[in-house]
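Below you'll find the structure, written out as structure tokens, and then a few comments.
Residue numbers start at 1 and run along the sequence shown. Counting convention: from 1, in listed order, for ligands and their atoms alike. Side-chain atoms are counted along with the backbone in the values below, which use heavy atoms only and exclude waters and symmetry mates. What you see is a predicted model, and the numbers here were worked out from it, not measured in a lab.
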Amino acid sequence: MEDCIFCKIIDGELPSENVFENDTIIAFKDINPQATHHLLIVPKKHISTINDLNENEGDDALVGKMTLVAKNLAREINLSGYKLQFNVGKSAGQVVFHIHMHLLSKG
Ligand code: AMP
Ligand code: ZN
């Protein structure tokens, strides 16, 4: 998707500090962390918002996999607790319109 910064990160056109990557999902450090640990878990498929998820295209499984990536990263980093967050829509604070799960933790 043109002009999408996360698609550019996925395509290697913009730098990122990756902590995980497989065929469908990438995870990297947030450039402006709001917690000691702030990671973004991002599907490689461009989907603008949670409202655009389509179960007929397997997006239900994709979001499930994103959650499991978050769980595995939290275990690797040895987090005692963490928050997972999606911002949906401008009024809720979404600024990047390519879905991403925030993983936020004090440690
Ligand atoms: P949201 O408000 O849910 O759309 O969150 C977008 C997040 O993306 C913010 O926390 C930003 O700090 C983060 N962000 C924006 N550009 C980059 C980038 N190039 N690399 C890493 N994180 C980014
Ligand atoms: Zn995108």
Qualifying residue for side chain to side chain contact (heavy atoms under 4.5 Å, CB included) with Thr49, from Asn51, Ile47, Leu53:
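The single option meeting the side chain to side chain contact (heavy atoms under 4.5 Å, CB included) with Thr49 is Asn51.
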
Sequence neighbours excluded and cut-off under 3.5 Å, please list the side-chain donor-acceptor pairs for residues 7-18, or say none.
| from | atom 1 | to | atom 2 | distance (Å) |
| --- | --- | --- | --- | --- |
| Ser16 | OG | Asn18 | OD1 | 2.5 |

Return the option from Asp30, Val42, Ile5 holding the heavy atom at the smallest distance from atom 15 (C) of ligand 1.
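Result: the heavy atom closest to atom 15 (C) of ligand 1 is in Ile5.
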
Just going by heavy-atom distances, which of Glu17, Lys29, His100, Met101 is nearest to atom 1 (P) of ligand 1?
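It is His100 whose heavy atom sits nearest to atom 1 (P) of ligand 1.
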
Indicate, as side chain, backbone, both or neither, the part of Phe28 found under 4.0 angstrom from ligand 1 when only non-hydrogen atoms are considered.
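Under 4.0 Å from ligand 1, Phe28 contributes side-chain atoms alone.
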
Gln34 and ligand 1 - part of the residue with a heavy-atom distance under 4.0 Å
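Contact part for Gln34 vs ligand 1: neither.
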
Do [X] and ligand 1 have an N or O pair less than 3.5 Å apart?
X: His38; answer: no
X: Leu40; answer: no
X: Phe6; answer: no
X: Pro15; answer: no

Among residues at least two apart in sequence or on other chains, which ones pass salt bridge (Lys or Arg N to Asp or Glu O under 4.0 Å) with Lys44?
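Scan of Lys44 (salt bridge (Lys or Arg N to Asp or Glu O under 4.0 Å), adjacent residues dropped) gives Glu21.
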
Vertex the Zn ion (ligand 2), rays to SG in Cys4 and SG in Cys7 - rounded to 10°
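SG of Cys4, the Zn ion (ligand 2) and SG of Cys7 span an angle of about 120°.
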
Residue His98 atom name (nearest to the Zn ion (ligand 2); N/O/S)
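Atom name of the closest N, O or S in His98: ND1.
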
Please lay out, stage by stage, how Phe6 and His100 fare under the test ring pair (Phe, Tyr, Trp, His ring centres under 6.0 Å).
CA-CA 9 Å; Phe6 285 180; His100 49 282; 5.2 Å; yes

Pair Glu76, Asn78: side-chain N/O donor-acceptor within cut-off below 3.5 Å:
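Glu76 vs Asn78: no donor-acceptor pair found between side chains.
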
Does the side chain of His38 reach to within under 4.5 Å of the side chain of Lys29, using non-hydrogen atoms?
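Not touching, per the 4.5 Å side-chain cut-off.
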
